[in-house]
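Numbering starts at 1 and runs along the sequence shown. Not measured: the values here are computed from a predicted model.
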Amino acid sequence: MQTLEQLSNFVSRYMALFVILIAGISLFQPWTFIWTVPWITILLGVVMFGMGMTLRFADFKLVLQRPRDVFIGTVAQFGIMPLLAWALAHAFALPPELAAGVILVGTCPGGTSSNVMTYLARGDVALSVSMTMASTILAPIMTPLLTLWLAGQWIDIPAEKMMISIAQVVIAPIILGILINHFFERPVQKAIKILPLISVIAIVLIVGGVVSANAERIIETGALIMLVVICHNLLGYALGFLVAKALGMNMAKVKAVSIEVGMQNSGLATSLALLHFGAAAAIPGALFSVWHNISGSLAANYLSSRMKKSS
């Protein structure tokens with residue numbers, strides 16, 4: 001078990017490098033990870049189940065104890081990123097499937113990696129976790145409706161089917177994980193240190209599958225989509241920071257909101273794109289998965305070293 005824990009810590013620490021490595025292999029040798037494509041939805045469920053196993057019912061009290069902070073952060077999450085995605089899709093005149101994929105990334109809830117990055121940035125981790133929980137709970141409603149509103153001009157949006165997919169792939173595994181943690185807390189706490197290893201493996205396989213399935217298209221349009229993804233992510237950090245600062249939050253909270261807004265559950269975006277829009281629409285989500293792990297680490301280092309944590 002100790003060896004697995006050490007391996008889990010190592011893989012978590014260098015997750016961005018593993019994601020880049022697998023993406024590179026998948027791009028130039030697509031056959032290596034094409035087999036993972038049919039398993040992407042299940043792999044995302046595994047990640048969400050792992051998230052659930054780290055939570056307790058008591059954790060949801062945080063949302064109720066800090067309603068103003070969570071409300072501001074969640075409104076910023078579902079306001080800034082979807083509108084940024086829509087604006088970028090127009091600005092770069094993206095083809096319909098790619099535009100829908102970018103918008104889908106924007107309308108998804110915050111990613112679990114944001115909690116780790118907030119910790120590294122010496123931000124308000126409790127707020128980050130609360131925002132992730134709140135946006136994830138709202139995702140079955142907000143993600144399909146926002147996608148329908150913003151991407152409906154490019155492509156048909158099966159909003160009802162998306163709601164069902166999110167409930168099945170995200171909400172159900174999280175609830176199952178929470179229940180298992182509640183009823184089997186002692187063995188879960190012993191195994192919880194290796195959960196990051198399982199989650200990282202699942203995430204890199206998702207990235208590998210999507211990149212493999214779209215290798216030719218990525219080579220053709222990858223530079224453009226990567227530019228859009230980078231702009232989307234970095235502007236999300238910046239606007240999240242500015243909104244939180246303008247509303248009088250202290251620096252620890254500002255860091256949490258900034259990172260939470262900028263980092264998306266791109267695995268969910270990828271899975272939904274494959275299920276409902278086609279393989280090309282999954283490209284932005286896959287590239288976002290690669291990029292936001294890199295930028296999140298850099299942002300955490302910058303925020304931690306340049307800005308003192310406020311009380």
Assert yes or no for the condition that the ring centre distance of His90 to Trp154 is strictly below 6.0 Å. yes
Backbone N/O of Val254 and side chain of Ser258: donor-acceptor pair under 3.5 Å: no
Asn181 side chain vs Gly177 backbone, donor-acceptor pair below 3.5 Å: no
Side chain to side chain contact (heavy atoms under 4.5 Å, CB included), that's the test. Do Phe184 and Arg186 meet it? Break it down for me. CA-CA 6 Å; Phe184 304 98; Arg186 185 170 296 178; over 6 Å; no
Paired with Cys231, the side-chain contact (heavy atoms from CB on, under 4.5 Å) test is passed by just one of Leu227, Leu234, Val228, namely Leu227
Heavy-atom pair with the smallest gap, counting every atom of Ala202 and Val47: CB-CG2, 3.6 Å
Any side-chain heavy atom of Met249 within less than 4.5 Å of one from Val243? no
Quick one, Ile225 and Ile218 - any side-chain contact, counting heavy atoms below 4.5 Å? no
Strictly distance-based, threshold 3.5 Å: is any side-chain N or O of Ser271 a donor or acceptor partner for the main-chain N or O of Leu268? no
For the residue pair Leu98 and Pro284, establish whether any side-chain heavy-atom pair is separated by less than 4.5 Å. yes
Would Ile164 end up clustered with Met162 when hydrophobic side chains under 4.5 Å apart are linked, directly or stepwise? no
Do Val75 and Val261 share a hydrophobic cluster (ILVMFWY, side-chain heavy atoms under 4.5 Å, transitive)? no
Residue pair Ser128 / Glu260, side-chain donor-acceptor N/O under 3.5 Å: yes
For the student: nearest non-hydrogen atoms of Asn233 and Ser295, plus distance: OD1-OG, 2.5 Å
Side-chain ion pair, Asp69 and Lys253, N-O less than 4.0 Å: yes
Do Thr143 and Thr107 pair up side chain to side chain, a donor and an acceptor below 3.5 Å, judged on atom types alone? no
Tell me whether His292 contacts the main-chain N or O of Gly262 through its side chain, where contact means a donor paired with an acceptor under 3.5 Å. no
If you take all heavy atoms of Ser114 and Ile259, which pair is closest and at what distance? O-CG2, 3.8 Å
Could you go through the side chain to side chain contact (heavy atoms under 4.5 Å, CB included) check for Leu44 and Asn265 one step at a time? CA-CA 10 Å; Leu44 178 61; Asn265 189 338; 4.2 Å; yes
So Pro144 and Glu160, do their side chains get closer than 4.5 Å, heavy atoms only? no
Between Ser26 and Ser212, is there a donor-acceptor pair closer than 3.5 Å when you use the side chain of the first and the backbone of the second? no
Can Asn115 and Thr132 be counted as having a side-chain donor-acceptor contact under 3.5 angstrom? yes
Any chain of hydrophobic side-chain contacts (each under 4.5 Å) joining Leu17 to Leu298? yes
Val19 and Ser289: which non-hydrogen atoms are nearest, and at how many Å? CG1-O, 4.1 Å
Test item: side-chain donor near acceptor, Thr74 and Ser135, under 3.5 Å: no
When you measure from the side chain of Gln264 to the backbone of Gly110, do you find a donor-acceptor pair of N or O atoms at a distance under 3.5 Å? no
Check: Thr118 main-chain N/O paired with Lys255 side-chain donor or acceptor under 3.5 Å: no
Does Gly209 offer a backbone N or O that forms a donor-acceptor pair with the side chain of Thr36 under 3.5 Å? yes
Find out if a path of hydrophobic residues (ILVMFWY) with successive side-chain heavy-atom gaps under 4.5 Å connects Ile141 to Ile175. no
Please walk me through it: do Leu274 and Ile40 pass side chain to side chain contact (heavy atoms under 4.5 Å, CB included)? CA-CA 9 Å; Leu274 286 172; Ile40 284 176; 3.3 Å; yes
Please say yes or no: joined through hydrophobic side-chain contacts below 4.5 Å, possibly via intermediate residues, are Met163 and Phe78 part of one cluster? no
Does Arg66 reach the side chain of Phe71, with side-chain heavy atoms less than 4.5 Å apart? no
Go through it in stages, so that I can follow the logic: the residues are Leu224 and Leu94, the test is side chain to side chain contact (heavy atoms under 4.5 Å, CB included), and I'd like the CA-CA distance, side-chain angles, deciding distance and then a yes or no. CA-CA 9 Å; Leu224 173 62; Leu94 296 179; 3.9 Å; yes
Give me the atom names and distance for the closest heavy-atom approach of Leu104 to Ala273. CD2-N, 3.6 Å
Distance-minimising heavy-atom pair for Gly240 and Ile80: N-CD1, 3.9 Å
